[in-house]
Undergrad: 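Questions regarding the structure given below will be posed in turn.
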Amino acid sequence: MDQPLTSLLDLLDLEKIEENIFRGHSHSSVVPRVFGGQVAAQSLVAAGRTVPADRTAHSLHSYFLRPGDPGAPIVYTVDRIRDGRSFTTRRVVAVQHGQPIFHLSASFQVHEEGLEHQTVMPQAPDPETLPTAEETLARHAGVLLPGVPDRMSEARRAVDLRYADAPPFATLGEPREPRSQVWFRTNGKLADDPLLHVCLATYVSDMTLLDSVLLAHGRGGWAVGDVVGASLDHAMWFHRPFRADEWLLYDQESPSSASGRGLGQARIWTQDGRLAITVIQEGVVRVPR
């Protein structure tokens with residue numbers, strides 16, 4: 001297993017400091033705050049550590065309350081809301097410097113059979129034919145803020161993330177349809193732990209979801225400096241089993257932006273066409289004055 005992936009797995013392996021209380025640390029981020037996908041994934045790890053092994057995560061709903069300090073540990077407190085016959089509910093509060101920075105509610109379910117249908121997977125190019133994230137960043141380094149290509153490459157080294165279309169910073173100033181696609185998988189094989197795969201997908205889901213908001217307005221994004229923003233809330237529904245170490249298509253679009261906020265919604269598909277996850281996120285998207 002590559003060192004970057006090992007480091008990411010260590011990041012998600014929280015320290016238990018008391019019953020229902022866990023502690024996590026942070027990696028450097030592209031922006032000077034804790035990466036939102038990290039605190040969401042760590043919160044889900046904390047919740048999952050208090051749930052029986054026969055129950056898998058089927059949904060999460062969360063709010064980003066304050067910027068996280070990457071230089072300080074994060075304490076996760078789990079509230080065991082309910083343990084039913086089929087469903088288990090947990091609430092997690094992430095705290096730094098005595099203040100909550102993130103709040104998550106997650107639900108877990110015992111596997112059961114039921115009615116099943118899904119929409120059709122959209123068309124997308126073969127991920128193996130697409131440039132890697134590092135190649136894409138190198139190709140457009142001239143438009144990015146100084147140091148950003150290296151920081152973005154470092155932050156994403158554990159994950160092979162490939163844009164199906166040009167990212168926002170590659171078409172700066174050219175408004176496009178508010179839709180984007182990326183393929184992703186971890187750079188290495190993972191253990192057969194459903195919670196681990198769900199948490200890694202949660203981690204990656206915060207990387208590109210608001211790109212579609214930027215595309216609608218021809219903005220390059222935070223890496224260019226023509227917008228400022230942050231995640232406000234994040235919700236996910238896990239429909240079917242998947243592996244985060246196999247290619248997943250992240251099909252994203254933005255139905256609206258207004259009042260300094262942008263909404264992104266997405267579906268994540270396995271390469272063989274199974275709908276695995278639905279994601280919705282709202283974030284602050286402001287033009288600097």
Undergrad: Decide whether His61 and Ser107 meet the rule of one side-chain donor and one side-chain acceptor closer than 3.5 Å.
TA: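 Not at all, the side chains of His61 and Ser107 share no donor-acceptor pair under 3.5 Å.
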Undergrad: State, without any angle test, whether Ser86 and Gln109 hold a side-chain donor-acceptor pair at a distance under 3.5 Å.
TA: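 No donor-acceptor contact under 3.5 Å links the two side chains.
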Undergrad: Is the closest side-chain donor-acceptor distance between Arg91 and Ser105 under 3.5 Å?
TA: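 Looking only at side-chain atoms, Ser105 and Arg91 do not form any donor-acceptor pair under 3.5 Å.
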Undergrad: Would Asp192 and Arg243 pass as an ion pair if we require N to O under 4.0 Å?
TA: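 Yes, this pair counts.
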Undergrad: Looking only at heavy atoms, which two atoms of Val93 and His103 are closest? And how far apart?
TA: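 Reported closest heavy-atom pair: CG2-CD2, 4.1 Å.
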Undergrad: Measure the shortest side-chain to side-chain distance between Gln281 and Ser205 over non-hydrogen atoms and say whether it is less than 4.5 angstrom.
TA: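 Result no, sub-4.5 Å side-chain heavy-atom pair not found.
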Undergrad: Indicate the atoms forming the closest heavy-atom contact of Val198 with Ala57, along with that distance.
TA: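 That would be CG1-CB, 4.1 Å.
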Undergrad: Count I, L, V, M, F, W, Y as connected when their side-chain heavy atoms are under 4.5 Å apart, and connections chain through other members. Are Trp247 and Met121 then in the same cluster?
TA: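 Looking at the clustering, Met121 is in the same group as Trp247.
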Undergrad: Determine, stepwise, if the pair Phe35 / Tyr203 fulfils ring pair (Phe, Tyr, Trp, His ring centres under 6.0 Å).
TA: CA-CA 9 Å; Phe35 170 52; Tyr203 179 87; 5.1 Å; yes
Undergrad: Distance only, no hydrogens: is a donor on one side chain within 3.5 Å (strictly under) of an acceptor on the other, for His239 and Thr278?
TA: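 Yes, Thr278 and His239 have a side-chain donor paired with an acceptor closer than 3.5 Å.
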Undergrad: Is the shortest side-chain heavy-atom distance between Val39 and Ile101 below 4.5 Å?
TA: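 A side-chain contact exists here, since the closest heavy-atom pair is under 4.5 Å.
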Undergrad: Once you round to the nearest 0.5 Å, how far does CZ of Phe87 lie from CZ of Arg82?
TA: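 CZ of Arg82 is found 9.0 Å from CZ of Phe87.
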Undergrad: State, to 0.1 Å, how close Gly273 and Trp269 come at their nearest heavy-atom pair, and which atoms those are.
TA: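 Heavy atoms only, the tightest pair is O-CE3, 3.7 Å.
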Undergrad: Which residue, Arg80, Arg90, Glu19, forms the side-chain hydrogen bond (donor to acceptor under 3.5 Å, both in side chains) with Thr50?
TA: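 For Thr50, the side-chain hydrogen bond (donor to acceptor under 3.5 Å, both in side chains) check succeeds only for Arg90.
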Undergrad: Decide if atom CD of Glu128 counts as having more than 12 heavy atoms of other residues, nucleotides or ligands within a radius under 6.0 Å.
TA: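 Counting neighbours around CD of Glu128, more than 12 heavy atoms of other residues, nucleotides or ligands fall under 6.0 Å, so yes.
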Undergrad: Please name all residues satisfying side chain to side chain contact (heavy atoms under 4.5 Å, CB included) with Ala138, sequence neighbours left out, ordered by chain then number.
TA: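 In terms of side chain to side chain contact (heavy atoms under 4.5 Å, CB included), with neighbours along the sequence ignored, Ala138 is linked to no residue.
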Undergrad: So Gln99 and Arg66, do their side chains get closer than 4.5 Å, heavy atoms only?
TA: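 Heavy-atom side-chain distance check passes, below 4.5 Å.
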Undergrad: So do the side chains of Ile21 and Val78 get within less than 4.5 Å of each other, counting heavy atoms only?
TA: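 Heavy-atom side-chain distance check fails, nothing below 4.5 Å.
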Undergrad: Do Asp251 and Arg179 sit within salt-bridge range, that is, some charged N less than 4.0 Å from a carboxylate O?
TA: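 Salt bridge present between Asp251 and Arg179.
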Undergrad: Let me confirm one number: the CD-CG distance from Gln96 to Leu65, rounded to the nearest 0.5 Å.
TA: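 These two atoms lie 12.0 Å from each other.
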Undergrad: Quick one: OG1 on Thr89 to CZ on Phe108, what's the gap to the nearest 0.5 Å?
TA: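 The distance works out to 9.0 Å.
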Undergrad: Among residues two or more places apart or on two chains, list those pairs meeting salt bridge (Lys or Arg N to Asp or Glu O under 4.0 Å) that have a residue in residues 204-232.
TA: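 Applying salt bridge (Lys or Arg N to Asp or Glu O under 4.0 Å) to every pair that reaches into residues 204-232, excluding sequence neighbours, yields nothing.
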Undergrad: Could you tell me the separation between the CG atom of Leu11 and the CG atom of Leu5, rounded to the nearest 0.5 Å?
TA: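 It is 11.5 Å, given to the nearest 0.5 Å.
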Undergrad: Under 3.5 Å, is there a donor on one side chain and an acceptor on the other for His111 and Asp54?
TA: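 On atom types as modelled, these side chains do not qualify, holding no pair under 3.5 Å.
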Undergrad: Do Leu44 and Tyr76 come within less than 4.5 Å of each other through their side chains, counting heavy atoms only?
TA: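 Not in contact.
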Undergrad: Do you know which two heavy atoms are closest between Val285 and Gly262, and how far apart they sit?
TA: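 That closest heavy-atom pairing would be CG2-N, 4.1 Å.
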Undergrad: If you measure from the Lys or Arg side-chain nitrogens to the Asp or Glu carboxylate oxygens, is any gap between Arg157 and Glu134 under 4.0 Å?
TA: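 Yes, this pair counts.
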Undergrad: May I ask you to test the Gln252-Leu210 pair for a side-chain heavy-atom distance under 4.5 Å?
TA: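 They are not in contact (no side-chain heavy atoms under 4.5 Å apart), so the answer is no.
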Undergrad: To the nearest 0.5 Å, what is the distance between CG on Leu8 and OG1 on Thr186?
TA: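 The OG1 atom of Thr186 is 8.5 Å from CG of Leu8, to the nearest 0.5 Å.
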Undergrad: What heavy-atom pair brings Pro125 and Trp183 nearest, and what distance separates the two atoms?
TA: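 That would be O-NE1, 2.8 Å.
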Undergrad: If we only count heavy atoms from C-beta on, is the Val92 to Phe102 side-chain gap below 4.5 Å?
TA: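 Side-chain contact under 4.5 Å: no.
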Undergrad: I'd like to know if the side chain of Gln265 pairs up with that of Glu253 as donor and acceptor (distance under 3.5 Å, no hydrogens or angles considered).
TA: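 There is such a pair between these side chains.
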Undergrad: I'd like to know if Leu275 and Phe238 are part of one continuous hydrophobic network [Ile/Leu/Val/Met/Phe/Trp/Tyr, side-chain heavy atoms within less than 4.5 Å].
TA: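 Shared cluster, no.
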Undergrad: Is any side-chain heavy atom of Asn187 closer than 4.5 Å to a side-chain heavy atom of Val159?
TA: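 Asn187 does not reach Val159 side chain to side chain.
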Undergrad: Kindly give the heavy-atom pair with the smallest separation between Ser257 and Val213, and that separation in Å.
TA: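 That would be CB-CG1, 4.0 Å.
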Undergrad: If you measure from the Lys or Arg side-chain nitrogens to the Asp or Glu carboxylate oxygens, is any gap between Glu15 and Arg23 under 4.0 Å?
TA: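 Salt bridge flag = yes for Arg23 with Glu15.
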Undergrad: Under the criterion side-chain contact (heavy atoms from CB on, under 4.5 Å), I'd like the reasoning laid out for Phe64 against Leu232: C-alpha separation, chi angles, the key distance, then a yes or no.
TA: CA-CA 5 Å; Phe64 296 88; Leu232 289 171; 5.9 Å; no
Undergrad: Is there a path of hydrophobic side-chain contacts, each under 4.5 Å between heavy atoms of I, L, V, M, F, W or Y residues, that connects Ile17 with Phe22?
TA: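 Hydrophobic grouping puts Ile17 apart from Phe22.
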Undergrad: Look up atom OG1 in Thr208 and atom CG in Leu161, then write down how far apart they are to the nearest 0.5 Å.
TA: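 These two atoms lie 6.0 Å from each other.
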Undergrad: Quick one: do Asp245 and Arg185 make a salt bridge, cutoff under 4.0 Å?
TA: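 Between Arg185 and Asp245 there is no salt bridge, as every charged N stays at least 4.0 Å from the carboxylate O atoms.
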Undergrad: Is Arg162 salt-bridged to Glu135, going by a charged N under 4.0 Å from an acidic O?
TA: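 Result for this pair is no, no salt bridge flagged.
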